[in-house]
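Have a look at the structure below before the remarks.
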2 protein chains.
Amino acid sequence: MAGTRRHGAGRGRPTLEEVAARAGVGRGTVSRVINGSPRVSDRTRTAVEQAVAELGYVPNRVARALAANRADAVALVIPEPETRLFAEPYFSDIIRGVGAELADTDLQLLLTLIRTPKERQRLADYLSAHRVDGVLLVSVHADDPLPDLLERIEMPAVLSGRRSAHETVPYVDSDNTGGAQSAVEHLIGRGRSTVATITGPLDMYVAQCRLEGYSAAVRAAGREVEPGLVASADFTEEGGRSAMRRLLDQRPDLDAIFAASDVMAAGARQVLREHGRGVPDDVAMVGFEDSAVARHMDPPLTSVRQATEEMGRAMVRVLLEEIEGLSDRTSKRPQVVLPTQLVRRESS
Amino acid sequence: MAGTRRHGAGRGRPTLEEVAARAGVGRGTVSRVINGSPRVSDRTRTAVEQAVAELGYVPNRVARALAANRADAVALVIPEPETRLFAEPYFSDIIRGVGAELADTDLQLLLTLIRTPKERQRLADYLSAHRVDGVLLVSVHADDPLPDLLERIEMPAVLSGRRSAHETVPYVDSDNTGGAQSAVEHLIGRGRSTVATITGPLDMYVAQCRLEGYSAAVRAAGREVEPGLVASADFTEEGGRSAMRRLLDQRPDLDAIFAASDVMAAGARQVLREHGRGVPDDVAMVGFEDSAVARHMDPPLTSVRQATEEMGRAMVRVLLEEIEGLSDRTSKRPQVVLPTQLVRRESS
DNA sequence: AGGTACGGTGGGAGCGCTCCCAGCTGTGAT
DNA sequence: ATCACAGCTGGGAGCGCTCCCACCGTACCT
């Protein structure tokens with residue numbers, strides 16, 4: 001008689017209590033059956049299950065969340081100023097992995113895009129307002145206050161990617177250094193003598209790692225890392241273009257490029273074309289990420305593939321561990337590094 | 001003393017009751033202030049607001065949801081077998097639009113990927129289990145039972161794209177017919193005499209519309225729609241390749257292609273290259289979607305841009321209307337069609 | 001026979017809100 | 001002075017669960 005409420009579905013839906021009445025047992029017993037507690041006799045369990053089936057009972061998760069003081073949900077937080085990253089398949093893959101791994105749980109996935117500081121504040125409120133059991137953070141910057149905030153309120157969290165070499169928060173990352181190294185080794189192995197690199201913004205740890213991998217491979221080949229062969233950009237296509245111009249200017253003799261992202265490689269490719277340099281004949285190229293861009297370039301771009309979807313899955317697994325083991329903060333924080341793989345195409 | 005609970009944050013957080021005590025008012029009054037009810041005197045409001053600030057009170061949304069019988073959340077449902085679509089920026093853009101529009105509300109965004117029929121069932125359970133106030137459905141197939149299920153349980157829902165010309169459920173779609181038509185008109189306007197098209201799967205309404213647009217433009221130019229100039233594919237790159245081969249086989253004299261998606265255009269482009277046909281000199285091309293693929297093609301692909309992000313925003317607006325007006329089912333269901341825009345690049 | 005143990009069970013006491021009704025106050029009409 | 005009627009306000013009664021404690025009966029011990 002309360003008038004039509006905002007939420008049409010659900011009213012009139014059977015409750016735990018009704019199931020109990022129908023099965024001729026107490027509320028507690030039904031709850032135990034629903035939650036799979038072993039301390040229920042088979043006979044009782046069967047009776048309850050039948051009542052559940054007959055009534056078409058579905059537990060009210062909101063009530064459960066309130067009573068049990070948990071949310072049955074985790075948040076995936078995406079800082080959206082990173083539009084460039086967002087457009088990449090990277091996020092799709094992460095989301096797919098997260099979704100897949102979560103499907104086996106009965107946790108919900110909450111998606112939170114953060115555009116402004118105001119929204120970040122709002123997020124903080126949400127998080128402390130009992131809405132989620134844990135948080136997945138994608139592509140946080142080194143100076144992002146969120147991880148520490150979460151730490152403070154004891155909210156389980158997992159990062160995709162480290163903020164620095166000494167990351168304290170649990171994370172899942174891919175082997176950027178190793179991937180970059182194998183890319184450059186490949187280039188050198190193909191007989192290239194003057195391998196340049198276009199790096200990401202060096203205040204990002206991921207960019208540092210990829211540069212580190214480049215340097216390691218160069219040194220392993222008994223060569224020196226020459227400043228003239230290193231140009232840093234910002235992971236954008238335009239950045240790739242201008243870095244390539246600088247490189248060509250400084251070292252017109254270069255015969256290979258390792259770009260720390262496919263998109264930058266695409267930009268570089270354009271500049272090479274403008275300068276009449278053929279790929280791979282004059283200049284061999286390798287990118288990083290193995291995104292759609294790589295496959296669609298002409299010629300298709302050799303690239304370092306990260307197991308992005310697997311990263312999503314791993315993040316969830318780690319998060320679940322964290323949620324489970326909340327009590328013993330003593331145990332060391334799980335940190336996972338996933339291998340990468342060089343996908344060879346015609347550009348090298 | 002209840003032992004460490006699963007959820008670390010939140011315990012010990014101030015409640016409505018404590019705020020009321022501090023402000024020296026009743027629970028009801030605090031609730032009214034929090035929810036912006038006008039029936040509170042300014043003095044009282046100020047006192048409450050101060051108490052809220054002092055205590056750092058944040059409402060427990062779970063409790064609110066239980067008491068008010070709503071969820072303060074909407075679900076974005078994505079059928080994930082559509083991996084191909086998922087990788088496209090399409091979803092990113094929809095999500096961004098949805099997120100942006102939702103940010104002004106205090107509704108949460110729940111992301112649900114559906115892989116299997118089992119998961120679809122699970123979703124149905126969720127939906128009826130009071131977890132969301134409404135549902136956004138992306139790229140549903142004509143035979144998907146979900147929209148009707150939602151209709152039945154009176155759950156507000158909005159589709160992105162129609163299932164057929166006579167869609168009954170509220171939807172937001174882009175003007176596929178008009179977009180295709182303008183693309184083909186453009187081709188014809190550039191002096192092309194033999195314009196072919198690569199369509200999507202014709203059991204999808206969106207593919208039908210784009211073909212319809214093609215036909216309309218051809219007829220408007222006083223020509224006939226020749227079967228030999230129409231090849232249907234499945235929106236994939238490989239599909240684009242084989243369709244292009246068939247086309248070339250049937251009508252080696254063609255001098256323009258309208259592909260119903262950029263990805264198929266990319267596939268077609270490869271085949272053209274293999275056959276030594278230059279773009280745009282021998283064959284002009286236009287795609288649909290204006291995705292990253294289009295920009296990265298060589299030459300960059302002219303394409304029909306859809307306002308995808310705006311679609312996401314519009315979907316939310318429509319959904320909110322639906323949620324609001326749940327009572328009067330008599331009012332007609334909102335249906336929105338967004339315009340498209342031809343983005344000209346070097347391929348035409 | 002009396003005691004102990006324990007698997008199994010019922011139901012009270014909340015979780016933190018919203019809703020709503022009764023009551024309280026002050027104002028203006030009578 | 002009395003009454004009516006607003007505008008505000010307090011707090012009881014839930015929302016549908018989980019948690020936990022008391023209790024039951026039976027089986028097994030001494």
Side-chain angles (χ1 to χ4, degrees), chain A residues 1-7 9-48 52 55 57-72 106 128-131, chain B residues 1-7 9-48 52 55 57-72 106 128-131:
Chain A
M1 209 56 55
T4 304
R5 299 296 307 288
R6 180 172 169 189
H7 192 279
R11 276 297 184 211
R13 204 149 254 301
T15 70
L16 231 204
E17 191 104 37
E18 295 174 50
V19 174
R22 173 141 197 151
V25 301
R27 252 176 25 251
T29 303
V30 177
S31 177
R32 255 159 270 162
V33 172
I34 299 293
N35 295 296
S37 158
R39 352 178 98 276
V40 181
S41 70
D42 283 348
R43 253 239 310 264
T44 311
R45 164 166 286 115
T46 310
V48 171
V52 166
L55 261 34
Y57 170 75
V58 179
N60 181 330
R61 303 179 51 113
V62 176
R64 173 182 297 188
L66 179 60
N69 191 36
R70 52 193 165 77
D72 286 333
D106 65 343
S128 45
H130 279 250
R131 284 297 275 193
Chain B
M1 210 54 57
T4 305
R5 298 297 305 288
R6 179 172 171 190
H7 192 279
R11 276 300 183 207
R13 200 150 259 302
T15 69
L16 231 204
E17 190 104 39
E18 295 173 50
V19 175
R22 174 142 200 151
V25 300
R27 253 177 22 253
T29 302
V30 177
S31 176
R32 254 158 281 174
V33 173
I34 298 295
N35 295 296
S37 158
R39 353 179 97 275
V40 181
S41 70
D42 283 348
R43 252 240 309 266
T44 312
R45 163 167 286 113
T46 311
V48 171
V52 165
L55 260 33
Y57 170 75
V58 179
N60 181 330
R61 303 179 49 111
V62 176
R64 172 182 300 189
L66 179 61
N69 190 34
R70 51 191 165 78
D72 287 334
D106 64 345
S128 46
H130 279 249
R131 286 296 276 192

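Just so it is clear, the structure is predicted and the values come from calculations on it, not from any experiment. Naming: A, B, ... by sequence-line order, numbering from 1 per chain.
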Practice problem: With side-chain contact (heavy atoms from CB on, under 4.5 Å) as the test, would you mind laying out the steps for A/Val25 and A/Val30 before giving the verdict? | Solution: CA-CA 7 Å; A/Val25 301; A/Val30 177; 3.7 Å; yes
For [X] versus [Y], what's the shortest heavy-atom pair and its separation?
{"X": "B/Ala71", "Y": "B/Arg131", "value": "CB-O, 3.0 Å"}
{"X": "B/Arg32", "Y": "B/Arg39", "value": "CD-O, 4.3 Å"}
{"X": "A/Arg45", "Y": "A/Ser37", "value": "NH2-O, 2.7 Å"}
{"X": "A/Ala23", "Y": "A/Val48", "value": "CB-CA, 4.0 Å"}
{"X": "B/Arg27", "Y": "B/Ala20", "value": "N-CB, 3.9 Å"}
{"X": "B/Ile34", "Y": "B/Tyr57", "value": "CD1-CE2, 3.8 Å"}

Nearest-neighbour nucleotide for the [X] side chain, [options] considered:
{"X": "A/Ala67", "options": "D/dC17, C/dT18, C/dT9", "answer": "D/dC17"}
{"X": "B/Arg39", "options": "C/dG8, D/dC8, C/dG16", "answer": "D/dC8"}
{"X": "B/Asn60", "options": "C/dG8, D/dG10, C/dG16", "answer": "C/dG16"}
{"X": "B/Thr44", "options": "D/dT9, D/dC19, C/dT18", "answer": "D/dT9"}
{"X": "A/Leu16", "options": "D/dC8, C/dC17, D/dT18", "answer": "D/dT18"}
{"X": "B/Arg27", "options": "C/dG8, D/dC8, C/dC17", "answer": "C/dC17"}

Given atom [atom1] of [X] and atom [atom2] of [N], what is their separation to the nearest angstrom?
{"X": "A/Glu17", "N": "D/dC17", "atom1": "CD", "atom2": "C1'", "value": "10 Å"}
{"X": "A/Ile34", "N": "D/dC19", "atom1": "CD1", "atom2": "P", "value": "14 Å"}
{"X": "B/Asn69", "N": "C/dC19", "atom1": "CG", "atom2": "C1'", "value": "12 Å"}
{"X": "B/Asp72", "N": "C/dG16", "atom1": "CG", "atom2": "P", "value": "18 Å"}
{"X": "A/Arg32", "N": "D/dC19", "atom1": "CZ", "atom2": "P", "value": "11 Å"}
{"X": "B/Asn35", "N": "D/dT9", "atom1": "CG", "atom2": "C1'", "value": "16 Å"}
{"X": "B/Leu66", "N": "C/dC15", "atom1": "CG", "atom2": "P", "value": "14 Å"}
{"X": "A/Arg70", "N": "C/dG14", "atom1": "CZ", "atom2": "P", "value": "20 Å"}

Quiz item: Which angle, rounded to 10°, do you find between the first-five-pair axis and the last-five-pair axis of the helix from C/dA1-D/dT30 to C/dT30-D/dA1?
Solution: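 Here the local axes at opposite ends form an angle of 50°.
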Practice problem: Would you indicate, yes or no, if C/dT9 has its OP1 or OP2 atom less than 4.0 angstrom from a side-chain nitrogen or oxygen of A/Ser41? | Solution: yes
Quiz item: Is the shortest side-chain N/O distance from B/Ser31 to OP1 or OP2 of C/dC17 below 4.0 Å?
Solution: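 For B/Ser31, the contact criterion (side-chain N or O under 4.0 Å from OP1 or OP2 of C/dC17) is not met.
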Quiz prompt | 5'-most by nearest nucleotide on DNA chain D - B/Gly28 or B/Ala63 | solution = B/Gly28
Quiz item: Base, sugar-phosphate alone, or nothing: which one does B/Arg64 contact when heavy atoms must sit under 4.0 Å apart?
Solution: sugar-phosphate
Quiz item: Does any donor-acceptor pair link the side chain of A/Arg61 with the base of D/dG16 at a separation under 3.5 Å?
Solution: no
Self-check item: Side chain A/Arg45 and base C/dG8 donor-acceptor under 3.5 Å
Solution: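 Answer no: no donor N or O sits under 3.5 Å from an acceptor.
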Quiz item: Atom CZ of B/Arg61 and atom CG of B/Asp106: how far apart are they, to the nearest 0.5 Å?
Solution: 5.0 Å
Quiz item: B/Pro59 or A/Val40: which one's nearest nucleotide on DNA chain C is closer to the 5' end?
Solution: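 Going by which nucleotide is closer to the 5' end, it is A/Val40.
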